[in-house]
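Okay, structure first, notes after.
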Amino acid sequence: MINKEYIIVIVIFIFSALLQLFFVPMITIYGAYPDFLIYPIVFFALRKGQIYGTTLGFVYGLFFDLVSGGVIGSAMFSYTLSGFVAGYFYDENRKPSELSPYSHLFIILLASAISTFFYSALGINNLNNILNSLLLFAAFSGIYTATISIPVILLKPFKILEN
Amino acid sequence: MQRFIRKYFVEYKEYIVLILFLIISLFALPLNNSSKLKKIKTYSFATYAYLNDAADKFLNLFVNNCELNKLRLENAKLNLRNNLLRERALENAELHRLLNFKNSSSFKLAAARVLSKTTSKTQSFFVINLGLNDSVKLGMPVINDRGLVGIVNNVSNDFSVVKTFKNSEFKISVVDQRSNFNGIMSWDGSNLYLQNVPTSADIQEGDRIVSSSYGTLFPPLISVGIVAKKEQSIPGLLSSVYIYPFVDLDRIKNVFVVKIVLSKKLHDVELNFRREEE
């Protein structure tokens with residue numbers, strides 16, 4: 001019998017990946033894009049801890065690489081790091097919904113910027129030439145992801161998964 | 001000793017897990033061209049593409065694209081024809097006969113919808129709704145009504161992955177249509193560029209860049225872009241030429257697969273396609 005939580009994690013992945021591959025390309029601004037896979041990774045890292053966040057980032061990254069037709073390893077690497085970073089803010093005595101909106105925004109911005117930077121950087125041969133532009137791009141994408149996350153933070157749709 | 005290792009593991013387990021996963025990810029990167037992994041990738045993206053296809057069809061219920069798609073196809077054909085005429089105006093008839101010039105306007109085009117896109121700055125891929133069942137093959141060029149989009153990189157029965165020009169592994173032989181200067185164009189993560197161009201080369205801002213007849217991947221005269229700027233990389237010796245593409249990949253929704261594979265063996269060598277398979 002498959003654990004109910006695993007099914008939830010898989011369903012969330014399918015929905016987020018669909019948004020990321022189908023919807024996000026329509027709302028890119030100068031190439032910068034929001035990252036919808038970051039939200040569940042950050043939520044579960046804050047809810048379950050750093051190891052869970054890191055592992056979930058790795059698994060989500062692997063599946064995303066597979067379904068997107070892209071380079072296997074790049075999303076795995078970047079989401080693993082994001083899960084690890086988000087897990088830093090885990091507190092076993094606090095639920096993610098109890099986190100202040102500003103802290104939540106900051107964690108999403110940080111995790112998203114890290115993931116965007118490494119996802120793009122791993123595909124380039126000569127990083128020196130474009131390091132600055134990639135950092136700027138990652139920061140902009142992080143801000144974009146955090147901005148889009150404001151309704152998610154305020155409406156707390158993941159709250160039903162907290163218990 | 002055992003207790004020490006256990007204590008060490010418990011204390012640093014988060015870091016151990018992180019390093020382990022990062023190492024696995026890095027090891028996976030060079031394995032992308034292996035045939036086994038390619039099969040898994042083909043199966044995975046094809047399975048998921050059905051979901052994207054369903055979402056796309058659902059959205060299309062509200063929009064009637066039939067007439068628009070017909071116009072786009074016509075536009076793409078006219079674009080190819082226009083480049084041919086432009087070239088003919090620039091070169092004389094004798095030179096044409098010598099070069100055994102190919103008429104690129106006669107290529108068969110298959111219309112496709114873009115079902116999904118990866119949004120990375122350096123690894124841009126599209127999934128389109130044509131596959132082996134539509135006679136799409138690995139290595140076929142993909143264009144739209146404005147010009148070059150990419151090349152078919154992976155094919156399943158009903159879907160294909162297109163490696164676009166905004167991919168650092170994508171390289172194409174191009175020519176300046178005014179001066180006939182040839183070069184290899186690639187993507188550096190921010191710009192399309194020709195690297196190590198002699199400073200004396202006759203390339204000016206605003207020159208039109210098209211695919212070259214020397215290339216084995218693309219037919220000649222597919223519009224690529226215009227020269228945006230020329231910068232000296234080694235003063236007095238070499239320059240980098242930056243190209244502004246005609247196609248805006250962020251907004252693209254419909255493409256055409258050009259149903260030719262010019263020279264499979266040669267393009268395998270040129271693009272290092274499937275280098276570990278063969």
Side-chain angles (χ1 to χ4, degrees), chain A residues 14 17-18 20-26 28-35 49-51 53-55 57-59 61-81 83-84 87-88 116 119-127 129-131 133-134 137-138 141, chain B residues 13-15 17-18 20-22 24-32 37 40-49 51-52 55-56 59 114-127 153-154 159-163 166-169 186-191 240 249-253:
Chain A
I14 293 171
L18 190 67
Q20 191 63 30
L21 291 168
F22 186 75
F23 176 64
V24 165
M26 299 177 196
T28 54
I29 300 175
Y30 294 110
Y33 56 89
D35 192 340
Q50 207 165 19
I51 292 184
T54 311
T55 311
F58 177 79
V59 175
L62 170 64
F63 283 115
F64 186 71
D65 280 336
L66 285 170
V67 301
S68 66
V71 178
I72 292 181
S74 48
M76 272 159 80
F77 188 95
S78 44
Y79 286 133
T80 300
L81 269 179
F84 180 80
Y88 252 125
T116 307
Y119 186 50
S120 294
L122 282 173
I124 199 91
N125 301 325
N126 190 355
L127 194 59
N129 293 346
I130 60 151
L131 187 63
S133 86
L134 263 192
F137 168 71
S141 288
Chain B
K13 57 182 185 294
E14 288 88 359
Y15 294 93
V17 169
L18 173 74
L20 184 73
F21 285 153
L22 292 185
I24 294 171
S25 308
L26 290 175
F27 269 107
L29 284 169
L31 297 177
N32 272 276
L37 204 57
I40 297 171
K41 275 169 78 173
T42 308
Y43 181 75
S44 312
F45 92 77
T47 309
Y48 199 77
L51 255 182
N52 287 319
D56 189 61
L59 272 188
V114 177
L115 298 177
S116 69
K117 300 174 185 175
T118 54
T119 32
S120 162
K121 274 274 250 189
T122 55
Q123 304 166 28
S124 171
F125 292 96
F126 289 175
V127 174
N153 185 54
N154 201 347
F159 304 99
S160 306
V161 175
V162 177
K163 184 190 280 183
K166 284 190 176 180
N167 191 305
S168 57
E169 287 181 5
S186 43
W187 173 252
D188 72 355
S190 307
N191 299 294
S240 293
L249 291 183
D250 292 339
R251 303 279 166 258
I252 199 169
K253 196 71 193 131

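A note on names: the letters A, B, ... follow the listed sequences, proteins ahead of strands, and every chain is numbered from 1.
Looking at F125(B), the atoms closer than 4.5 Å to chain A (heavy atoms on both sides) all sit in the side chain, from C-beta outward. For Y88(A), the part lying under 4.5 angstrom from a heavy atom of chain B is the side chain only. Residue E14(B) touches chain A through both its backbone and its side chain, counting heavy-atom pairs closer than 4.5 Å. A17(A) touches chain B through backbone and side chain together, each having a heavy atom under 4.5 Å away. Both the backbone and the side chain of Y119(A) come within less than 4.5 Å of a heavy atom in chain B. With a threshold of 4.5 angstrom between heavy atoms, N191(B) does not approach chain A through any atom at all. Neither the backbone nor the side chain of L62(A) comes within contact range of chain B, judged by heavy atoms closer than 4.5 Å. Looking at L115(B), the atoms closer than 4.5 Å to chain A (heavy atoms on both sides) all sit in the backbone: N, CA, C or O. With a threshold of 4.5 angstrom between heavy atoms, K166(B) does not approach chain A through any atom at all. Contact of F58(A) with chain B is made through the side chain alone, with heavy-atom distances under 4.5 Å. When heavy atoms are compared at a cutoff of 4.5 Å, N52(B) approaches chain A by way of both its backbone and its side chain.
By the neighbour-count criterion of 12 heavy atoms within 6.0 Å, atom CZ of F137(A) is densely surrounded, having more than that number from other residues, nucleotides or ligands.
Y33(A) and D250(B) share no side-chain donor-acceptor pair at under 3.5 Å.
Interface summary for chain A: among L37(B), D56(B), T47(B), the most heavy-atom pairs under 4.5 angstrom belong to D56(B). If you tally non-hydrogen atom pairs under 4.5 Å between each of V114(B), L29(B), V161(B), V17(B) and chain A, the highest count goes to L29(B). Listed options S74(A), G61(A), G87(A) were ranked by heavy-atom pairs under 4.5 angstrom with chain B; first place goes to S74(A). Each of T116(A), L122(A), L66(A), T54(A) has some count of heavy-atom pairs under 4.5 Å with chain B, and the biggest count is that of L66(A). Ranking L26(B), N154(B), L249(B), V162(B) against chain A, the residue ahead of the rest is L26(B), based on heavy-atom pairs under 4.5 Å. With respect to chain A, the highest number of heavy-atom pairs below 4.5 Å among R251(B), K253(B), K121(B) belongs to K121(B). Comparing D65(A), V24(A), I14(A) by how many heavy-atom pairs each has under 4.5 Å with chain B, the most go to I14(A).
Taking every heavy atom of both residues into account, W187(B) and T122(B) meet most closely at NE1-CA, 4.1 Å. Pairing each heavy atom of M76(A) with each of A28(B), the nearest pair is CE-CB, 4.4 Å. Taking all atoms of both residues into account, the shortest heavy-atom contact from T28(A) to P25(A) is OG1-O, 3.6 Å. The two residues I252(B) and K117(B) come nearest to each other via the heavy atoms O-NZ, 2.8 Å. Closest of all the heavy-atom pairs between A75(A) and F64(A) is CB-CD2, 4.0 Å. Of all heavy-atom pairs spanning K163(B) and N153(B), the tightest one is CE-OD1, 3.6 Å.
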* Would you please test K41(B) and N32(B) for side chain to side chain contact (heavy atoms under 4.5 Å, CB included) and show each step? => CA-CA 9 Å; K41(B) 275 169 78 173; N32(B) 272 276; 3.1 Å; yes
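Distance CD/E169(B) to OG/S124(B): 12.5 Å, rounded to 0.5 Å. Rounding to the nearest 0.5 Å places OG of S186(B) at 11.0 Å from CG of N167(B).
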